[in-house]
*Asks:* 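Take this structure, written in structure tokens, and hold onto it; I'll ask about it next.
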Amino acid sequence: MNTFKEKLNFKIRLGELLLKEKLITEEQLNQALEIQKKVGKKLGDILVELGFISREKLESTLEKYNIALQQIKEVEDIESIDPNLTRIIPERIASLFKIAPLKKEGNVIYVASTDPLEHSTLEYIRFATGYNVKVVLVAEEAFNHVYNHLYKTRVFQDVLQDIRTEAVKEDLEVIDEGTDVVTIGSLEDMAQQAPVVKFVNYILSDAVSKGASDIHIEPYETRVRVRYRIDGILYEQANIPTKIKEAVVARIKILSKLNVVERRLPQDGRIKLRVGDKEVDIRVSTVPTVFGEKVVMRLLDKSSLVFDLEKLGFEPEQLAIFERAITKPYGMILITGPTGSGKTTTLYSALKKINRESINITTVEDPVEYNFEGLNQVNVNETIGLTFASALRAFLRQDPDVILVGEIRDFETADIAIKASLTGHLVFSTLHTNNAPSTVTRLIDMGVEPFLVSSSLLIVVAQRLVRKICPYCKEEYKPKEELLKALNITDQTTFYRGKGCNNCRNTGYKGRIGIYEIMEVNDEIRKVIVKKEDENVIREIAIKNGMKTLLEAGVTKAKNGITTLEEVLRVTI
């Protein structure tokens with residue numbers, strides 16, 4: 001006997017339902033589906049027009065499953081849906097049964113669904129809500145549009161309505177500037193707060209819950225756009241009126257202890273907040289633009305970070321090379337890649353691996369993103385003369401074994417770091433280059449002598465982050481032939497992609513993983529560095545010696561069903 005949970009998971013589509021009832025044949029269904037692709041009509045209407053089933057029989061069958069046959073215009077015009085319907089069907093019920101309310105007529109509530117609902121499910125909803133239920137079958141995309149509008153963006157709209165009707169001045173008077181940690185409670189608690197405060201709290205908690213890495217608040221002439229960066233991609237979340245943009249920015253500035261009055265110069269600050277059981281550090285940056293101050297907040301959720309080299313995405317042979325290098329007593333290890341490519345995570349994972357009582361590890365960063373026991377961490381402060389170079393000089397008088405330099409930006413920093421690596425210290429740092437071989441030419445272009453580069457470098461790691469296929473909607477697919485030819489893929493590998501679902505916001509991706517290009521500097525490469533050969537020569541030698549390029553590493557991930565070829569091309573080419 002099926003359990004209730006198993007019954008809830010039993011879903012069939014309209015065509016399968018009619019097949020189950022033996023009202024049409026599979027051949028008739030396929031014929032109707034082919035016509036539907038061309039004309040776009042509802043499947044039931046096509047079956048009736050073809051004479052495969054009578055309208056009376058179709059309607060009686062749909063009535064048996066409480067399916068509404070008539071067209072519901074609210075599916076196309078979601079702005080007309082009464083938001084109070086979410087009080088009848090709260091989000092916990094909507095998400096459990098994958099339904100969204102459309103309209104109410106008497107004691108009947110019409111709900112959108114991608115599948116017919118089983119009788120036991122309908123009975124449960126009727127018992128929980130007190131209403132009879134009629135199901136309107138809609139496409140997956142239409143359902144997600146309605147669902148997200150009602151349950152994901154409605155809070156924004158409610159807050160914005162409050163903002164439009166209440167005075168901004170009152171909002172700023174309730175802000176408490178004295179606490180170091182801002183605790184954000186439930187949405188019910190937020191409802192008791194002033195609108196601007198509630199809005200800022202909401203976007204912070206919402207961004208954390210969605211796994212965003214950044215929040216962008218961008219002023220334009222007629223609107224202020226709010227966007228989140230999720231898995232490396234920016235998604236628009238809301239637009240707020242321009243008349244309250246100063247109040248929103250002021251609220252954020254107060255939380256991050258910035259100068260509220262100063263609007264002409266860029267400012268940087270930090271917020272530490274608690275969302276549920278998560279503690280999140282937020283780096284706040286403001287920049288004056290033509291239409292006001294733009295705010296970008298980077299969210300650092302420590303609870304979601306994994307500083308484990310084996311889980312970052314290294315291929316087994318790459319991991320062996322990297323772990324061998326980080327246990328060397330001296331030399332330089334460079335991590336390269338654009339902003340947001342995971343360089344800091346790789347560095348801290350390496351330091352965590354070698355951190356022990358017998359080693360003195362010092363770091364200089366701009367800024368320090370994560371605090372670790374056993375590491376002596378220093379924040380750069382250029383306004384008082386505390387630069388990477390000056391901190392490095394001080395470190396060399398502090399008896400260090402391992403030094404982490406957050407970034408090599410100029411010749412002075414590069415020169416000191418390289419000389420430190422040649423005098424018995426293991427030095428980690430980062431550079432913004434596109435691949436591993438070009439790192440060598442970048443250092444030489446900075447003015448570092450080629451013989452110093454060749455003598456100090458152990459390995460160079462170039463990296464990117466690719467989005468992982470959503471495990472909830474993963475499916476097989478055939479990439480385009482031109483794509484396979486371009487990547488020289490001739491074997492019969494099965495590739496996967498995400499179809500798109502609520503769990504991944506219909507993107508087909510959920511989470512990210514690293515792909516790496518590791519160039520081990522051996523004697524052959526050292527010789528061409530001293531000769532000042534260009535990066536193409538260095539690359540050829542590195543590949544001959546077994547270096548897997550970023551593209552090759554990405555294709556391996558795609559062949560293993562972790563990501564897609566399209567995603568690999570996006571981040572590498």
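These numbers come from a predicted model, not from an experiment.
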*Asks:* Any side-chain to backbone donor/acceptor pair from His432 onto Thr336? Under 3.5 Å, distance only.
*Replies:*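 Checked: no pair found.
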*Asks:* Are Met297 and Leu204 side-chain neighbours, meaning at least one heavy-atom pair lies under 4.5 Å?
*Replies:*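 Of all side-chain heavy-atom pairs linking Leu204 with Met297, at least one is under 4.5 Å.
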*Asks:* Let me know which of Val111, Ile109, Ile125 forms a side chain to side chain contact (heavy atoms under 4.5 Å, CB included) with Tyr131.
*Replies:*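 For Tyr131, the side chain to side chain contact (heavy atoms under 4.5 Å, CB included) check succeeds only for Ile109.
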*Asks:* Do Val296 and Val287 have side chains that approach each other closer than 4.5 Å (heavy atoms only, starting at C-beta)?
*Replies:*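 No, their side chains stay 4.5 Å or more apart.
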*Asks:* Spell out, as yes or no, whether a donor-acceptor pair under 3.5 Å connects the side chain of Asn379 to the backbone of Val368.
*Replies:*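 Checking the backbone N and O of Val368 against the side chain of Asn379, a donor-acceptor pair under 3.5 Å is found.
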*Asks:* Do the rings of Tyr348 and Phe372 sit parallel, tilted or perpendicular, given the 30° and 60° boundaries?
*Replies:*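 The arrangement is parallel - the two ring planes meet at less than 30°.
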*Asks:* For Arg467, does its backbone N or O pair with a side-chain atom of Glu567 as donor and acceptor, under 3.5 Å?
*Replies:*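 Confirmed, Glu567 side chain pairs with Arg467 backbone.
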*Asks:* Between Lys557 and Glu315, is there a salt bridge with N-O shorter than 4.0 Å?
*Replies:*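 Looking at Glu315 and Lys557, the cut-off is met.
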*Asks:* Keeping the roles fixed (side chain from Asn376, backbone from Ile361), state whether a donor-acceptor pair exists under 3.5 Å.
*Replies:*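 Yes: the side chain of Asn376 pairs with the backbone of Ile361.
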*Asks:* Phe322 versus Ile335: any side-chain heavy-atom pair under 4.5 Å?
*Replies:*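 Of all side-chain heavy-atom pairs linking Ile335 with Phe322, at least one is under 4.5 Å.
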*Asks:* Go through the structure and list residues passing salt bridge (Lys or Arg N to Asp or Glu O under 4.0 Å) with Arg263, not counting sequence neighbours.
*Replies:*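 With sequence neighbours excluded, Arg263 shows a salt bridge (Lys or Arg N to Asp or Glu O under 4.0 Å) to no residue whatsoever.
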*Asks:* Closer than 3.5 angstrom, by distance alone: can the side chain of Lys343 be matched with the main-chain N or O of Pro338 as a donor-acceptor pair?
*Replies:*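 Here the side-chain-to-backbone pair exists.
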*Asks:* Measure the shortest side-chain to side-chain distance between Leu265 and Thr286 over non-hydrogen atoms and say whether it is less than 4.5 angstrom.
*Replies:*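 No - every pair of side-chain heavy atoms lies 4.5 Å or more apart.
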*Asks:* Shortest non-hydrogen contact from Ile81 to Pro101?
*Replies:*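 Closest approach of Ile81 to Pro101, heavy atoms only: CG2-O, 3.8 Å.
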*Asks:* Roughly how far apart are Glu221 CD and Phe291 CZ, rounded to 0.5 Å?
*Replies:*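 Atom-to-atom, Glu221:CD and Phe291:CZ are 4.5 Å apart.
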*Asks:* Before giving the answer on side-chain contact (heavy atoms from CB on, under 4.5 Å), spell out for Thr507 and Ile230 the whole-Å C-alpha distance, their side-chain angles and the decisive distance to 0.1 Å.
*Replies:* CA-CA 11 Å; Thr507 63; Ile230 303 174; over 6 Å; no
*Asks:* Taking only Lys NZ, Arg NE, NH1 and NH2, and the carboxylate oxygens of Asp or Glu, determine whether Arg298 and Asp214 approach each other closer than 4.0 Å.
*Replies:*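 Yes, charged N to carboxylate O under 4.0 Å.
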*Asks:* Could you state the interatomic distance from OG (Ser256) to CG (Leu273), rounded to the nearest 0.5 Å?
*Replies:*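 Interatomic distance, Ser256 OG to Leu273 CG, rounded to 0.5 Å: 11.5 Å.
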*Asks:* Counting only heavy atoms from other residues, nucleotides and ligands, does the tally under 6.0 Å from OH of Tyr472 exceed 12?
*Replies:*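 Open: at most 12 neighbouring heavy atoms sit under 6.0 Å from OH of Tyr472.
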*Asks:* On a heavy-atom basis, which atom in Val568 and which in Thr572 lie closest, and how many Å separate them?
*Replies:*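 Nearest heavy atoms, Val568 then Thr572: O-OG1, 2.7 Å.
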*Asks:* Aromatic ring centroids of Phe97 and Tyr124 under 6.0 Å?
*Replies:*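 Phe97 vs Tyr124: aromatic centres under 6.0 Å.
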*Asks:* Let me confirm one number: the CG-OH distance from Leu102 to Tyr110, rounded to the nearest 0.5 Å.
*Replies:*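 If we round to the nearest 0.5 Å, Leu102:CG and Tyr110:OH are 10.5 Å apart.
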*Asks:* Roughly how far, to the nearest 0.5 Å, is the CD1 atom of Ile515 from the OG1 atom of Thr556?
*Replies:*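 With rounding to 0.5 Å, OG1 (Thr556) is 9.5 Å from CD1 (Ile515).
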*Asks:* Taking all non-hydrogen atoms of both residues, which atom of Tyr509 and which atom of Asp231 are closest, and how far apart?
*Replies:*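 So the minimum-distance heavy-atom pair works out to O-OD2, 4.1 Å.
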*Asks:* Counting distance only, does the side-chain N/O of Asp82 pair as donor-acceptor with the main-chain N or O of Asn84 below 3.5 Å?
*Replies:*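 Pair found, side chain donor or acceptor close to backbone of Asn84.
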*Asks:* Check whether any side-chain heavy atom of Leu351 lies under 4.5 Å from a side-chain heavy atom of Leu347, and answer yes or no.
*Replies:*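 Answer no - side chains too far apart.
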*Asks:* Are any non-hydrogen side-chain atoms of Asp366 and Glu407 less than 4.5 angstrom apart?
*Replies:*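 With C-beta onward as the side chain, the pair stays apart.
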*Asks:* Taking Thr362 for the side chain and Ile403 for the main chain, is one N or O donor matched with an acceptor at less than 3.5 Å?
*Replies:*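 It does not hold such a pair.
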*Asks:* State whether the side chain of Thr430 and the backbone N or O of Gly406 hold a donor-acceptor pair below 3.5 Å, judged by distance alone.
*Replies:*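 At least one qualifying donor-acceptor pair exists.
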*Asks:* Minimum heavy-atom separation for Tyr228 to Asp206, with atom names?
*Replies:*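 Smallest interatomic distance, heavy atoms only, reads OH-OD2, 2.9 Å.
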*Asks:* What pairs with Glu218 under salt bridge (Lys or Arg N to Asp or Glu O under 4.0 Å), at least two apart in sequence or on another chain?
*Replies:*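 Expected list: Arg225, Arg227, Lys294.
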*Asks:* Looking only at side-chain N and O atoms, does Gln463 offer a donor or acceptor that is under 3.5 Å from a partner on Thr346?
*Replies:*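 Checked: Thr346/Gln463 side chains pair up, N/O donor to acceptor below 3.5 Å.
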*Asks:* Once rounded to the nearest 0.5 Å, what's the spacing between atom OG1 of Thr345 and atom CG of Asp308?
*Replies:*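 Rounded to the nearest 0.5 Å, the OG1-CG separation comes to 12.0 Å.
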*Asks:* Measure the shortest side-chain to side-chain distance between Arg497 and Glu475 over non-hydrogen atoms and say whether it is less than 4.5 angstrom.
*Replies:*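 When only atoms from C-beta onward are counted, Glu475 and Arg497 do touch, with a gap below 4.5 Å.
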*Asks:* If I take atom CG from residue Leu85 and atom OG1 from residue Thr129, how far apart are they, to the nearest 0.5 angstrom?
*Replies:*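 Rounded to the nearest 0.5 Å, the CG-OG1 separation comes out at 11.0 Å.
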*Asks:* Which heavy atom of Leu312 sits nearest to which heavy atom of Ile513, and what is that distance?
*Replies:*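 Result for this residue pair: O-CG1, 3.4 Å.
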*Asks:* Give a yes or no on whether a salt bridge exists between Arg283 and Glu369, defined as a side-chain N under 4.0 angstrom from a carboxylate O.
*Replies:*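 The answer is yes: the pair qualifies as a salt bridge.
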*Asks:* Looking at Glu262, is its backbone amide N or carbonyl O close enough to the side chain of Lys253 to form a donor-acceptor pair, meaning the two atoms are under 3.5 Å apart?
*Replies:*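 Answer holds: yes.
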*Asks:* Kindly determine whether Ile217 and Ile252 satisfy side-chain contact (heavy atoms from CB on, under 4.5 Å), including the steps that lead there.
*Replies:* CA-CA 11 Å; Ile217 300 177; Ile252 295 170; 3.5 Å; yes
*Asks:* Closest heavy-atom contact between Leu299 and Ile282?
*Replies:*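 Looking at all heavy atoms of both residues, the shortest contact is CG-CG1, 4.2 Å.
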*Asks:* Suppose we screen for salt bridge (Lys or Arg N to Asp or Glu O under 4.0 Å). Which residues come up paired with Lys245, at least two apart in sequence or across chains?
*Replies:*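 With neighbours one apart ignored, the set is empty.
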*Asks:* Flag the pair Glu123 / Val133 as yes when at least one side-chain heavy-atom distance between them is below 4.5 Å, and no otherwise.
*Replies:*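 With C-beta onward as the side chain, the pair stays apart.
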*Asks:* Tell me, with the steps shown, if Thr363 and Phe428 meet side-chain contact (heavy atoms from CB on, under 4.5 Å).
*Replies:* CA-CA 9 Å; Thr363 78; Phe428 293 84; over 6 Å; no
*Asks:* Given Val555 and Lys559, is the side-chain contact (heavy atoms from CB on, under 4.5 Å) satisfied, shown in steps?
*Replies:* CA-CA 6 Å; Val555 170; Lys559 287 184 174 182; 3.9 Å; yes
